[in-house]
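Written out below as structure tokens is the structure these notes cover.
Residue numbers start from 1 in every chain, and the chains themselves are labelled A, B, ... in the order their sequence lines are given, proteins ahead of strands.
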Amino acid sequence: MTDISEFRKLGRDQFEKAGLPSRKLEDWHYTDLSQSGLTQLPLAEEMRGAAQAGVIHLVNGFLQGQPELPAGVVLEGLEAAAGRMGTLLSGADRAVTALNAGLFNDALVLRVSAKVEKPVEILSETRGDVQFHGRLLIVVEAGASLTLSEIHRGSGSALANWVAEIFVAEGGELHHVKLQDEALETTHIAALGLELGKGAKYKGALLHLGSKLARQEVYALMAGEGADFSLDGGTLAVGTQHIDNTTRVIHRAPGCPSHQLFKTVLDEQAHGVFQGTLFVERPGQKTAAYQMSRALMLSDRAAMDNKPELEIYADDVKCGHGATIGDIDETALFYLKSRGIDDSTARRLLIEAFLGEVAATVENQALREGLEERLYDKLGALFGRKAA
Amino acid sequence: MSVPMLEIRGLRAEIDGKEILKGVDLVIPTGEVHAIMGPNGSGKSTLSYVLTGRDGYEVTGGEAYYKGKDLLAMSIEERACEGVFLAFQYPVEIPGVTGVNFLKTAVNAVRRHHGRPELDAMQFMKLARTKAKELGVPEDMLKRAVNTGFSGGEKKRYDALQAALLDPSLMILDETDSGLDVDALRIVAEGVDRMRGPERSMLVITHYQRILDYIVPDRVHVLVGGRIVESGDQTLARELEKTGYAQFQGKAA
Ligand SMILES: Nc1ncnc2c1ncn2[C@@H]1O[C@H](COP(=O)(O)OP(=O)(O)O)[C@@H](O)[C@H]1O
Ligand SMILES: [Mg+2]
């Protein structure tokens, strides 16, 4: 797509035709937006303020000031990215992505041309009862590397509709941490499209704590030989929160390892969804793909839908996948309590351990500790006293 | 006579509707070490779980008093905070929970219960290191996840370390000797024996006599078929080592 106005028009047309997805679409079987009225919300008005030190600050998708970026990372104009925009995420099931194309305002376009040590941190704030469509496009050039952190939080019965497209060229690396920590009235829909070139690496950690309803789609294309994709996801949902992780990992090139581990903790009437497809195309020989969803149910009114799928067209592949749903380990709970630890603290320790493994995968120490701290705080607030 | 550490009267308990303890009577005075010996399946572990409050073990009759208090009415954690400690026959692996976090949380829970100030990270580490050294627990075991990937012997030592840290009044040791080689048994058993004192009682559950060479009991009881069928002094343990439990099987019926 070279012409942005055409791209927008196409998005609008596609959305008009399809409308908000309902459970009739296979990909949306467990998450129905058709009655949500989200597109009736007013579009967020432009808001501009000063930049915040150390982060790229976005309010309802609008960039605040001119952010400072480490050497090796540049903020580019929309035109520079136009050729790539929308190339990864398209198709009939992507009406919400199309809506984003039609209505996004700023697009944060970053180009990474060196091995960058200092993480780039995005703070996205959702404000008010509005809909907004935020957009991110990142190109990691051959041999370059970046650690990217995203925190999404705020307030309001909003629709935060995010599209992120990330291209990692040959031998490049992207380490990605995303904390979805929106207010409990907010709906957060995000699609991540990822293309990995030869020997490129993506390592992601995704943690959902907030939102009334959240859906994270991940579409990862292993386009070059030996590309390495790894994503650890964690979800903590209570009340009537509904959190959906839908992934599609496509092994188009040979010799690519992929790893996905999604851990979900559900209490009260929360609803979790994991839909994951491992798709190995004919040339994807020597694929080593792993996909696992583990859910921990704290209440019998909570519900988890797991749908792991394999579609394999190559003959020399190793694919492991599965899904488990379980209660808290009573034996472990007894062991902890028999040492004087009260019931809620003991439960929290076990949940903390379960979800802590997601944060533990983050290599950058400051980001890892930030993620852990937020997770422990949230668990402390939900399940009583913080661990000593 | 002063109130005993533990007083059990006619204790009956069942699992899934199956009666396992069929009227256990046992009194352990303060400061004494009693051993319970018995064949596999006689209800030794069941007794330890009933005394510590594990779910699924339903008490259908009798009573148990700890320092004169109704033990069976207390929650699991209350019993622990009050000073009842069980060293497990099979210590539990808890992936993802580090030893330091677990032990410090437990130590401070017990301290809080007694209105004592909590230990901060430094104070706790100092205490943990000292106790670990005494029991031959390598320091890196404290940093690892609880019991995860530990050998049988390491798990038993780790449980003994927890006892040393929590400073209980009543220690129940469930087959602490199993899975330990001779050297490890000596280190753990001597460590436990050092904890003997006038204010602490122990219930040493064992199938074999050898641990009792290190922790010499004041009384030995034989549990067969969910009942104590014989009691005596430490010579009873030696006798049993020779004669086995077969002579009692008739008595239990
Ligand atoms: N969780 C359980 N469910 C059903 N039966 C059990 C369970 N645990 C123990 N039992 C039964 O209770 C009896 C006593 O077991 P246990 O107390 O473990 O004996 P011991 O420790 O003396 O070997 C055995 O017959 C055993 O099969
Ligand atoms: Mg036993």
For the [atom1] atom of [X] and the [atom2] atom of [Y], what is their distance to the nearest 0.5 Å?
X	Y	atom1	atom2	value
B:Arg54	A:Glu330	CZ	CD	9.0 Å
B:Thr105	A:Leu336	OG1	CG	9.0 Å
B:Ile76	A:Tyr335	CD1	OH	14.5 Å
B:Glu77	A:Ser344	CD	OG	9.0 Å

Are there more than 12 heavy atoms of other residues, nucleotides or ligands under 6.0 Å from atom [atom1] of [X]?
X	atom1	result
A:Glu117	CD	no
B:Tyr90	OH	no
B:Lys131	NZ	no
B:Asp193	CG	yes
A:Lys201	NZ	yes

Heavy atoms, side chains only, cut-off 4.5 Å: are B:Glu93 and A:Thr331 in contact? no
Taking the side chain as every heavy atom from C-beta outward, state whether A:Phe334 and B:Val92 have any pair of such atoms under 4.5 Å apart. no
Ignoring hydrogens, what is the shortest heavy-atom contact between [X] and [Y]? Give both atom names and the distance.
X	Y	answer
A:Arg339	B:Leu166	O-CD1, 3.9 Å
B:Ala80	A:Gly340	CB-N, 3.2 Å
B:Pro95	A:Ala353	O-CB, 3.6 Å
B:Val97	A:Leu349	CG2-O, 3.6 Å

Could you check which of B:Gly53, B:Gly96, B:Ala145, B:Ala121 has the highest count of heavy-atom pairs closer than 4.5 Å to chain A? B:Gly96
Non-hydrogen atoms of chain A under 4.5 Å away: do they reach the side chain of [X], the backbone, both or neither?
X	answer
B:Pro168	neither
B:Asp120	neither
B:Val107	neither

